[in-house]
Amino acid sequence: MEEDTDFRIRFSSLCFITDHVGFHGTIKSSPSDFVVIEIDEQGQLVNKTSDEPIYKVNKILPGPNNLAKKTKLDPQNLSFEERSNQEVSTLAGCSGDDQNYEPGSEKEDTIEDGTSKGEEENIDVLGSLLDEKTNELLNQFACDVKEKWNSKTELIGPSPEFSLGRILDKNQRAILHSAIRQKFPFLITVGKNSEIVVKPNLEYKELCHLVSEEEAFDFLKYLDAKKENSKFTFKPDINKDHRKAVHHFINKKFGNLVETKSFPGPNYSADNPNVVITVRFREKAHKHRKRSLPECQERKVIYTAFTLRKENLEMFEAVGFLAIKLGVIPSDFSYAGLKDKKAITYQAMVVRKVAPERLKNIEKEIEKKRMNVFNIRSVDDSLRLGQLKGNHFDIVIRNLKNQINDSANLRERILEAVENVMNKGFVNYYGPQRFGMGRKVHTDQIGLALLKSEMVKAVKLFLTPEDLDDPVNRAKKYFLQTEDAKGTLSLMPEFKVRERALLESLHRFGVTEEGCIQAWFSFPHSMRIFYVHAYSSKIWNEAVSYRLATYGSRVVEGDLVCLDEDIDDEHLPSSKVVLPVLGYNIQYPKNKLGKWYQEVLSRDGLQTCRFKIPALKLNVPGCYRKILKHPCNLSYQLIEDHDIDVMKEGSHIDEATLSLLISFDLDASCYATVCLREIMKHDF
């Protein structure tokens, strides 16, 4: 495979917005030199211990992320507008900060226990408990969901939902929950403060990829009814790999409730190896029947929030390790944003199906992996990507020195650089960590392959080795040479959780287009979408460089601009200019930038791309990102590091080197390394 350009070269070609000289220095000499602390939506640092929940998760919706004294963007108040002789577009749905997540992508708390005895009278039950108009709207909602799925089109935007309103009587709520799920197994019901909300059942849709729609329909009705000593049998299947996939799906989704076994089917023989999968309820599941019906219906999935501190550890690796220790899967964890590896980071997380006490029990064990958890508490819902205000950074830059051929006073150069960026800001590029630090493959290349539905290519890019002789890269090299997933699994170290999950799926489903689609589902949604966003981020970086080279930072005709009542007049109008991050729901600038975007999409073979990948359940609506940003609450201090016994010309002397301690806040999705790059005029 042809080696890609070194990421350092890719980033050395990016622009600067300020004109000072800058200086040299070293960042991330150790993880403790780069501390990242998430700022929650209430403006609190998540590393502060408190008895009170930091996140009121159940009452927070994704919104614009802005720090104090910064421009606040109200998507509802933006409109198109023409001023003077210039045509400058202002955006509806524009966020001042890029929020790269799919709305409605997180799973909701579903009602799973309890049922009505009148299963065959669901129509009468719904008719007796709901007024005619509500009943009619419910049926229409169900038809719309089914029609969307049958047409093979993805649901756009947040998952659609239909509210039945507040039902104060618990018994009536219980009966309605059951009646709706029995009549429409492709829907789920969610209880929210006595309100019943109906949503599409994504597990039903996923199951339909494995079995017939009729079987999926009947299986979920069986699952909801929970008849003691009952069983459900799927149609005979001669394909062993397909049966494995069905077993895996049911055990993954419903393993706490049922168990699956394979038995010889009708007319089984060597020439006709029909095998059927039979599902039975686990014995412990029937203990729930002793509880009253309303009590069962009102029971919620457990959500436990905590603050994760990790040191020199990739976030996905940390989540994978926690999942193993807690007996859940990585997709049971939710978080507001990704964090650096070579750093000490603090971030809020929520895990499903794990009680606070259980999380506390593994505190000592995870310390060995340079992780700590604290602020452990129960909450009502999961987190969403983008559900934070920003991040606080405490950074030490060591070994400070002048740029080559610069003889000016170093302290003055540093003061000039910091003050300049405080006043003028920095180009809001996505940082190099967005694209991975490998030399051969970057995350954006994987994202491009996924957008082109080249699933096998994307898997092979993910498993492409670097030119290093270590167990991980030897295992990857073996896979590319042999496509032997089982053999590669035996070589891949246990700590490579993502790679092993992918390989296990490839072993089960095969290295085919369909097998690779299933393999990508071994990753949580947030990780699948991460690669696609990496491609969009790369194009945005190229776009802002082209824009600055073509027009500078001034506002020009055809620009997209976010307007706001609370604009800070001390900043130039250019601070309001945005560029689109690729997706299906964006508009392009009506100047040279618009044509540039189309040429780039054509270059990459995406002329007709709708930025939806139905096979992977990925929708990419796109967003808008400001081309310039400013650090907030910036403070800094120069200190002298005295290195004793430095050898110089045969003698021992004391040598002092300068270090810069700098702290600042950035909005969500802004990169500290990019801000430092602007300050220092130095690529890392």
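Counting from 1, the numbers follow the sequence of the chain as shown. Worth saying up front: this structure is predicted, and the values here are computed from it rather than measured.
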Colleague: Any side-chain to backbone donor/acceptor pair from Ser334 onto Leu383? Under 3.5 Å, distance only.
Modeller: yes
Colleague: So, does Gln182 use its side chain to make a donor-acceptor pair with the main chain of Asp224 at under 3.5 Å?
Modeller: no
Colleague: Locate the shortest heavy-atom distance separating Phe462 from Ile446; write the atom from each residue and the value.
Modeller: CA-CD1, 3.8 Å
Colleague: Take a 6.0 Å sphere around NZ of Lys231 and say whether it holds more than 12 heavy atoms from other residues, nucleotides or ligands.
Modeller: no
Colleague: Can a salt bridge be assigned to the pair Glu314 and Arg498 using a cut-off of 4.0 Å between side-chain N and carboxylate O?
Modeller: yes
Colleague: Say whether Glu514 and Gln518, considering side chains only, have a donor N or O and an acceptor N or O under 3.5 Å apart.
Modeller: yes
Colleague: What distance do Asn619 atom CG and Tyr584 atom OH have between them, rounded to the nearest 0.5 Å?
Modeller: 5.0 Å
Colleague: Roughly how far apart are Ile250 CD1 and Ile277 CD1, rounded to 0.5 Å?
Modeller: 6.0 Å
Colleague: Angle class for the Phe186/Phe217 ring planes (parallel below 30°, perpendicular above 60°, tilted otherwise)?
Modeller: tilted
Colleague: Can you check whether Leu210's main-chain N or O pairs, donor with acceptor, with His242's side chain at less than 3.5 Å?
Modeller: yes
Colleague: What about the rings of Phe333 and Phe316, do their centers lie closer together than 6.0 Å?
Modeller: no
Colleague: Please check: side-chain N/O of Ser522 versus main-chain N/O of Ala519, any donor-acceptor pairing under 3.5 Å?
Modeller: yes
Colleague: Around atom NZ of Lys452, are there more than 12 heavy atoms from other residues, nucleotides or ligands closer than 6.0 Å?
Modeller: yes
Colleague: Between Thr260 (side chain) and His247 (backbone), is there a donor-acceptor pair under 3.5 Å?
Modeller: no
Colleague: Search all heavy atoms of Leu308 against all heavy atoms of Ala318 and return the closest pair with its distance.
Modeller: CD2-CB, 4.4 Å
Colleague: Treating Glu215 as the side-chain partner and Ser212 as the backbone partner, does any N or O pair qualify as donor plus acceptor under 3.5 Å?
Modeller: yes
Colleague: Classify the angle between the aromatic ring planes of Phe234 and Phe219 as parallel (below 30°), tilted (30 to 60°) or perpendicular (above 60°).
Modeller: tilted
Colleague: Under a 3.5 Å distance rule, please check whether Tyr222 uses its side chain to pair with a backbone N or O of Val279 as donor and acceptor.
Modeller: yes
Colleague: Taking the side chain as C-beta and beyond, is there a heavy-atom pair between Tyr346 and Phe374 under 4.5 Å?
Modeller: yes
Colleague: Main chain of Ile167, side chain of Arg173: is a donor-acceptor contact present, judged purely on distance under 3.5 Å?
Modeller: yes
Colleague: Less than 6.0 Å separating the ring centroids of Phe521 and Phe509?
Modeller: no
Colleague: So, do Val258 and Leu223 sit near enough that their side-chain heavy atoms are less than 4.5 Å apart?
Modeller: yes
Colleague: Taking only residues two or more places apart in sequence, or in another chain, which ones meet Phe479 in a ring-ring contact (aromatic ring centres under 6.0 Å, His included)?
Modeller: none
Colleague: Just so I know, are the side chains of Val373 and Glu363 near enough to count as touching, which here means a heavy-atom distance under 4.5 Å?
Modeller: yes
Colleague: Please examine the side chains of Asn201 and Val145, heavy atoms only from C-beta on, and report whether any two atoms are closer than 4.5 Å.
Modeller: no
Colleague: With heavy-atom distances below 4.5 Å as the criterion, would you say the side chains of Lys235 and Glu214 are in contact?
Modeller: yes
Colleague: Check side chain to side chain donor-acceptor pair (under 3.5 Å) between Gln172 and all other residues, then give those that pass, not counting sequence neighbours.
Modeller: none
Colleague: Please identify which of these residues, Lys496, Lys369, Arg500, meets the salt bridge (charged side-chain N to carboxylate O under 4.0 Å, His left out) condition with Glu317.
Modeller: Lys369
Colleague: Does NZ belonging to Lys341 count more than 12 external heavy atoms closer than 6.0 Å?
Modeller: no
Colleague: Indicate yes or no: at least one non-hydrogen side-chain atom of Phe184 is less than 4.5 angstrom from one of Tyr204.
Modeller: no
Colleague: When you compare the side chain of Lys221 with that of Pro185, does any pair of heavy atoms fall below 4.5 Å?
Modeller: yes
Colleague: Would you compute the distance between atom CD1 of Ile517 and atom OG of Ser453 and round it to the nearest 0.5 angstrom?
Modeller: 7.5 Å
Colleague: Keeping Arg243 on the side-chain end and Ser262 on the backbone end, is there a donor-acceptor pair under 3.5 Å?
Modeller: no
Colleague: Report yes or no: does Glu38 contribute a side-chain atom to a donor-acceptor pair with the main-chain N or O of Ala348 at less than 3.5 Å?
Modeller: yes
Colleague: Does some side-chain heavy atom of Val472 sit less than 4.5 Å from a side-chain heavy atom of Pro493?
Modeller: yes
